[in-house]
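Since we're looking at a predicted model, the values are computed, not measured.
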Amino acid sequence: MTMPARPRLDEIERYYDAVPRSSARVEDFGPLSLFVREGAGWPFYARPALGRSGPVTAADVDAVRARQRELGAPEAFEWVAEVSPGLRAAVEESGLAVHEHPLMVLDPDAPAAEPHPLVRVLDAADPLLHAALVVPHLAFAAPGTDVGPAGPAELAAEITARAGDGRAGQVAERIRAGRTAVAAAFEDGLPLCAGMHNPVAPVTEIAGLGTLPSARRRGLGRAVTAALVADARARGTQTVFLSAGDQDVARMYTTLGFRPAGTALIAELPEN
């Protein structure tokens, strides 16, 4: 039976509040919570405080942004439009730009995709874990789905540049603890696409998925997503969700059984 939309979004909202807590501390700003990463990895964000009701003002947002600047963290907020409809106005009044991303949930009855020969789920001791974690950095630096110039040479340079960042060790610990799974596509010993999911009880989000720009348009993002879905299902996860970069990417995810569930909003400093 398909879960009604609002209970499903409430479940995702609880997940969003829970998942950063294993690697971040939480600072309370009334109607907003600021997650501050402890250790290596992607920086976190601020979001609506779970269970708090009442309006959020631009002054509330300004206070969080001042603290983010003090910490050297990105001035970033993430939330679900349908759960916190009033936050957008406050964030925009504060001067941040808001981006919309389709929020999608996997149909529990969706058939499993065929495994891809280039894709595998990595264990904590995999010698290519660090390299796989570097791929999304290059992918996100060149957004979109078009084939781009960044390829093996740029990847090798980035792998070397990030060799001491400590992230692979942190992710390996999360893999051992069952809090993260990483999948990647490899060819000739190099990762071409990688992503992860981070289960919390019955819910997980597929996140950090990126393809090396020179390897785009080969179906690798879909194949890595399918491997992460298979891993999540093998763990007994009941709700698998993700945020698509745009509607074109969302259409690809529908071929794996993901269905629209809402709108994920991300606010950040506007481009100059």
Side-chain angles (χ1 to χ4, degrees), residues 1-24 35 37 41-42 44-45 47 50 78-80 82-83 101-113 115-116 119-124 126 129 132-133 135-136 167 170-185 193-210 221-245 249-250 252-264 266:
M1 178 181 295
T2 302
M3 184 183 293
R6 182 56 197 234
R8 177 174 282 168
L9 290 178
D10 289 342
E11 183 180 45
I12 291 172
E13 186 75 4
R14 291 191 294 272
Y15 173 91
Y16 275 140
D17 182 78
V19 73
R21 293 177 182 267
S22 61
S23 52
F35 294 93
R37 176 170 287 282
W42 297 104
F44 284 121
Y45 41 77
R47 65 179 333 279
L50 188 68
E78 297 188 11
W79 71 102
V80 177
E82 292 79 4
V83 177
H101 300 275
L103 185 64
M104 309 184 76
V105 175
L106 182 69
D107 184 338
D109 297 323
H116 192 287
V119 176
R120 71 173 190 266
V121 175
L122 284 65
D123 63 33
D126 196 301
L129 177 61
L133 295 173
V135 172
R167 184 156 187 251
Q170 184 185 61
V171 173
E173 287 298 320
R174 292 183 60 86
I175 291 172
R176 279 189 280 267
R179 296 198 302 268
T180 291
V182 176
C193 178
M196 63 177 62
H197 77 91
N198 303 291
V200 177
V203 183
T204 196
E205 179 186 21
I206 293 175
L209 182 73
R222 183 184 189 279
V224 169
T225 302
L228 293 168
V229 165
D231 182 86
R233 283 175 158 172
R235 295 168 185 254
T237 305
Q238 297 172 16
T239 299
V240 181
F241 76 98
L242 52 78
S243 297
V249 176
M252 179 273 288
Y253 287 129
T254 63
T255 68
L256 289 171
F258 284 89
R259 301 292 179 257
T263 305
I266 298 175

task = Would you check if the side chain of R8 reaches a backbone N or O of V105 as a donor-acceptor pair within less than 3.5 Å?
result = no
task = Measure the spacing between CZ of F258 and CG of L242 and express it to the nearest 0.5 Å.
result = 4.5 Å
ask   = Side chains of S22 and R174: donor-acceptor distance under 3.5 Å anywhere?
value = yes
request  = Would you please test S23 and Q170 for side-chain hydrogen bond (donor to acceptor under 3.5 Å, both in side chains) and show each step?
outcome  = CA-CA 9 Å; S23 52; Q170 184 185 61; 5.4 Å; no
inquiry  = Looking at every non-hydrogen atom in both residues, tell me the closest pair between P202 and T237 and how far apart they are.
reply    = O-CG2, 3.3 Å
inquiry  = Testing R235, R179, H197 one by one against T204 for a side-chain contact (heavy atoms from CB on, under 4.5 Å), which residue passes?
reply    = H197
request  = Any chance you could measure L106, atom CG, to F241, atom CZ, to the nearest 0.5 Å?
outcome  = 12.0 Å
query = side-chain hydrogen bond (donor to acceptor under 3.5 Å, both in side chains) with D17: which residues, sequence neighbours excluded?
reply = R21
task = Check for a donor-acceptor pair, side chain of Y15 on one end and backbone N or O of E205 on the other, with a separation under 3.5 Å.
result = yes
ask   = Between atom OG1 of T180 and atom CG of N198, what is the distance when rounded to the nearest 0.5 Å?
value = 4.0 Å
key: Derivation and outcome, side-chain contact (heavy atoms from CB on, under 4.5 Å), residues E82 and T263   = CA-CA 7 Å; E82 292 79 4; T263 305; 3.4 Å; yes
ask   = Do any N or O atoms from the side chain of R120 and from the backbone of A184 form a donor-acceptor pair under 3.5 angstrom?
value = no
ask   = Which atom names give the shortest non-hydrogen contact between V135 and G210, and what distance separates them?
value = CG1-O, 3.5 Å
